[in-house]
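These notes concern the structure reproduced below.
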Amino acid sequence: MSKFVQVTTTVNGENVSRSVEPRTNLVDFVRYDLELTGSHVGCEHGVCGACTIRLNGEIVRGCLVLAAQADGGVVETIEGLSESGKISDLQDSFLTRNAGQCGSCTPGMLLTADSLLEENKAPTRTEIREYISGNYCRCTGFEAIVDAIEMTSKKRRGGS
Amino acid sequence: MVDSNGLSIHDRPNSYIGRSVPRPNLSRLLKGRGSYADDVKLPRMVHVAFLRSPLAHADIVKIETDKASSASGVIAVYNGKDLAKVCSPWVGVVTHLEGMRSPPQNLLAVDRVRWQGEPVVAVVAQTRALAEDAIELIEVKYKELPLAVDMKTALDDDTEVIHKEYENNLCWERNVNAGDVDAAFAEADVIVEEEFQFGRHTGVTLESRSIVADYDPGEEMLTLYQSTQAPHMKQALFAKHLELDEHKIRIICRDVGGAFGLKAHAYGDEFATAAISKILGRPVKFVADRMESFLADIHARDHVVKGKIGVSKAGKILAIEIDDLTGIGPYSVYPRSSGMEVNQICNLTGGPYKFDNYRARGRVVFQNKPPMCQYRAVGHPIAITVTEGLVEMAASAIDMESIEMRKLNMVADDDYPNKTVSGIPLENLSHQASTDKLMEMVNYKEIRDEQKKLRKEGIYRGVGFAALIEVTNPGPAFYGVGGAPISAQDGCSVKLDAKGNLIVGTSITEQGQGAESVISQVVATAVGITPDKIKVISGDTENTPYGGGTWASRGTGIGGEAAAKAGKVIRDNVLDVAGILLQSEPNTLDIQNNQVVNKSDGAERMSVAEISRVVYYRGDTLPKDFQAEMMAVQHYFPKSYPFAFTNSVHCCHLEVDVNTGFIKLLKHWAVEDCGTVINPQNVDDQVRGGVVQGIGGALYEECIYNEQGQLLNGNLADYLVPMAVELPDIVVGHVESKTFESDLGAKGAGEAGTAGAPAAIMNALNDALMPFDVRLTRQPFTPQKVLEALGKL
Ligand code: FES
Ligand code: FES
């Protein structure tokens with residue numbers, strides 16, 4: 001058995017190829033191999049959502065997916081989504097509404113929120129709360145986050 | 001600091017105080033550009049992982065590390081004895097908690113382990129994964145010892161004594177006696193008693209404890225990138241125990257992913273990381289994984305309190321008595337000690353009320369569980385739950401609305417300054433105004449009407465209140481007098497750069513609560529510079545003034561006042577230069593929106609940037625006998641009062657499903673009086689976040705142990721924390737009673753939410769279950785406990 005596997009993937013629009021230990025998970029791969037430290041690790045067992053990353057257009061838990069599973073795929077992290085401007089309105093709402101305190105949960109929360117708003121243009125507050133329930137935040141009490149997502153959804157629908 | 005014209009910071013034009021300015025450092029975090037300790041990567045950096053004790057109490061017979069030492073990627077392996085040669089043990093007592101005792105504690109266990117999770121062996125390797133692989137190859141032979149796990153039996157004669165140098169497992173006992181408690185109880189028309197329990201839980205910062213230690217043998221300099229909330233305290237401790245010069249230790253903590261008190265303590269694994277860096281002369285990283293966080297972070301609460309209240313028929317509180325017992329693990333935690341929670345409980349119980357007779361006993365015992373220490377709202381949730389639980393019961397015993405009984409007994413707003421029954425001075429509180437405000441916000445009558453109606457339909461809703469006092473802005477009386485190297489003062493440096501911007505250094509730290517934003521708003525106001533021209537630096541012992549950091553709700557009140565003072569000095573210094581250049585009296589000038597203006601008519605005279613230019617590049621145009629000073633440092637600590645108490649009152653509305661035992665929180669209201677509010681949105685979110693942590697302790701969070709001292713739910717899947725879907729919206733209101741100690745008048749706001757929520761929830765729960773004549777007093781109130789109380793399990 002080879003000690004390393006080759007992972008070739010597109011990360012935030014760039015082609016990358018690295019040989020990694022087969023056990024390396026996707027969030028460790030982006031954090032430590034690619035130095036994209038915006039994705040965080042809160043539990044390493046799929047509960048907290050801090051490691052949320054987009055893989056082939058879907059949000060995944062970076063701690064539950066192996067880097068090798070991203071081979072040939074498309075990976076997007078908070079850094080890429082920030083640079084492309086795709087979630088800038090969400091980020092603005094989070095800033096205005098103080099929807100991040102320590103920032104540990106924040107990148108994962110933004111990716112999850114973005115995914116929600118793609119699936120559901122006009123979520124209710126309860127739907128927002130349900131959708132983000134796999135993303136733990138220990139600081140905000142969540143209300144500011146719910147407010148910020150609601151604000152963004154209204155803005156995207158042309159409201160105030 | 002009122003100036004020569006009698007004007008205070010609250011008279012400044014264009015004030016940023018009281019404005020919800022977005023936090024300047026949040027943009028960075030939103031783009032994934034935070035810089036947490038685990039994001040630091042240094043040349044030649046290696047990683048350490050720890051083998052932890054699987055047993056709660058055992059002798060270490062033999063440690064076999066040969067296979068691990070020769071495993072792939074392994075650089076070094078150390079046991080407790082190895083590291084004890086480099087880092088001296090510590091003792092977690094503060095002398096002002098008289099009679100407290102705790103034996104020396106080593107970084108890693110030496111000869112004996114005393115809790116499951118205590119670090120035993122450190123393995124250093126090229127990667128964390130390789131270090132963990134090597135740990136699997138270590139064999140430790142243990143000889144199991146009898147256990148002292150349950151705090152309730154820790155003092156029994158036949159319980160194992162954990163430290164042989166002591167005759168029993170008592171760490172500390174405090175007794176308070178005020179008035180004539182026995183006579184007051186004898187006089188009381190009604191006496192109610194209850195036992196309250198508080199589950200052991202922990203902080204669960206989403207970013208776990210993390211440190212990168214980088215020792216440079218050339219300079220004999222240790223740089224530590226650490227997730228902490230008290231950099232200067234850590235600097236002092238590392239220096240002392242690693243025998244390094246304090247000025248050759250630099251603590252850098254840029255972003256901290258939540259702290260809640262748990263990052264204000266000394267941990268063996270973190271000191272071991274620094275010790276190993278000193279041995280190896282290269283950078284070493286340690287990041288606790290979630291499972292080890294549950295075993296190695298401080299735990300909190302874990303109290304059982306017997307409470308008793310005596311009241312008159314008319315509802316006057318005549319006496320309160322409490323007997324508190326807490327288990328703190330095998331050591332008192334260094335350097336703040338594990339006695340503070342009990343100390344606070346003894347001080348705070350009955351806090352909002354006027355009564356003369358009070359007796360408290362608090363006992364702190366050793367046990368074979370992880371060390372317990374200060375976590376957000378230290379002691380408050382316990383003191384408040386006991387007080388407010390007793391008040392609620394007494395009110396119902398004399399058939400009085402509990403909120404009316406509270407109002408009847410509250411110290412009147414115009415009766416401050418005052419003292420608690422145990423003699424703690426209280427400066428300026430607003431229980432009455434806050435309660436009135438709360439009752440305006442809560443549609444109480446509707447809730448009661450609806451409650452009656454719904455009960456007939458088998459729907460059980462309840463409403464509960466809790467009033468409280470909270471300790472903030474602690475002075476040296478908190479720790480300094482007890483010998484701990486913990487500064488009660490903070491400093492702020494303000495430097496005008498060559499373009500009219502301000503570089504501000506603060507000794508308080510940012511963990512997400514908005515410390516940098518507060519400092520920026522205060523400096524902006526004090527100087528007259530807009531916040532976009534202000535850069536705040538925190539979390540760096542080499543580049544900020546000396547100070548305590550951010551804990552005990554002290555950052556805004558103490559660090560903020562230092563910032564106000566430093567800002568004022570710079571304003572005066574800038575105006576001195578302006579006076580010369582404009583040939584005007586400096587006291588006829590002011591600074592507004594980055595411009596020097598006439599005080600009289602606000603007309604712009606010249607920009608601050610122009611003054612910078614002249615001072616830095618064209619000093620030759622200023623008089624020979626004049627030297628401009630464009631950097632100022634000021635410090636502050638409260639001197640008249642040992643603490644600035646705040647007050648708050650909460651209301652919780654919830655529904656209990658009596659078939660499943662599930663509790664649904666419908667709404668939570670909190671009125672908070674933290675004095676001057678600098679950033680209303682930040683304060684509200686501090687209260688909300690705090691309430692949710694209180695909800696966690698009240699309903700979900702508990703470290704569940706078996707009789708062998710084994711944690712049964714040490715992972716984030718089994719240890720429940722509040723999730724978005726189960727939380728209500730939280731309505732926050734304010735009353736502003738400034739502290740007169742400082743010009744700013746700000747007190748702390750970070751903990752009142754956590755302090756008051758559990759009591760309000762308990763009272764609401766018991767109100768909901770009133771028709772069943774049951775009462776729950778053991779937190780967390782899980783569905784199982786609800787069903788047990790209802791006799792359905
Ligand atoms: S780190 Fe992946 S879900 Fe928590
Ligand atoms: S902001 Fe700290 S965990 Fe969410």
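Lettering of chains follows the sequences in order, A, B, ..., and the numbering in each one begins at 1.
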Any donor-acceptor N or O pair under 3.5 Å, side chains [X], [Y]:
| X | Y | answer |
| --- | --- | --- |
| A:S133 | A:R129 | no |
| A:Q101 | B:D685 | no |
| B:T509 | B:Q229 | no |
| A:Y32 | B:D38 | yes |
| A:N12 | A:T77 | yes |
| A:Q91 | A:S82 | yes |
| B:S227 | B:S210 | no |
| A:T10 | A:E14 | no |
| B:E510 | B:T550 | no |
| A:T8 | A:Q6 | no |

Query raised in the report: Which of residues 688-698 of chain B get closer than 4.5 angstrom to chain A, counting heavy atoms alone?
Result: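 B:R688, B:G689, B:V692, B:Q693 fall under the 4.5 Å cut-off.
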State plainly whether the residues [X] and [Y] are in salt-bridge range, i.e. N to O under 4.0 Å.
| X | Y | result |
| --- | --- | --- |
| A:R97 | A:D147 | yes |
| B:E292 | B:R128 | yes |
| A:R156 | A:D89 | yes |
| A:R54 | A:E118 | yes |

Among [options], which residue has the highest count of heavy-atom pairs closer than 4.5 Å to chain A?
| options | answer |
| --- | --- |
| B:L29, B:V287, B:D289, B:V21 | B:L29 |
| B:I730, B:T127, B:V687 | B:I730 |
| B:K41, B:E207, B:Q681 | B:Q681 |
| B:T205, B:N715, B:L26 | B:L26 |
| B:K31, B:M291, B:Q686 | B:K31 |
| B:S35, B:G34, B:G257 | B:G257 |

Query raised in the report: Shortest non-hydrogen contact from B:P728 to A:E143?
Result: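 Smallest interatomic distance, heavy atoms only, reads O-OE1, 4.1 Å.
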Requested in this report: Looking only at non-hydrogen atoms, find the nearest pair between B:E701 and B:P722 and report the distance.
Outcome: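 Closest pair (atom of B:E701, atom of B:P722, distance): OE2-CD, 3.6 Å.
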Under 4.5 Å from a heavy atom of chain A, the part of [X] involved:
| X | answer |
| --- | --- |
| B:S27 | both |
| B:N25 | neither |
| B:N679 | neither |
| B:A129 | both |
| B:D255 | neither |
| B:R23 | both |
| B:D684 | neither |

Among the options [options], pick out the one with the most heavy-atom pairs lying under 4.5 Å from chain B.
| options | answer |
| --- | --- |
| A:R23, A:E130, A:E79 | A:R23 |
| A:T96, A:V47, A:L81, A:N98 | A:N98 |
| A:P107, A:S88, A:C139 | A:C139 |
| A:H40, A:E21, A:E83 | A:H40 |
| A:G38, A:C102, A:G141 | A:C102 |
| A:E44, A:H45, A:R125 | A:H45 |

Query raised in the report: So B:Y719 and B:F294, would you call those rings parallel, tilted or perpendicular, with 30° and 60° as cut-offs?
Result: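 Taking B:F294 first and then B:Y719, their aromatic rings sit tilted (interplane angle of 30° to 60°).
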So for [X], is it side chain, backbone, both, or neither that comes closer than 4.5 Å to the heavy atoms of chain B?
| X | answer |
| --- | --- |
| A:T106 | side chain |
| A:R138 | both |
| A:L95 | both |
| A:V146 | neither |

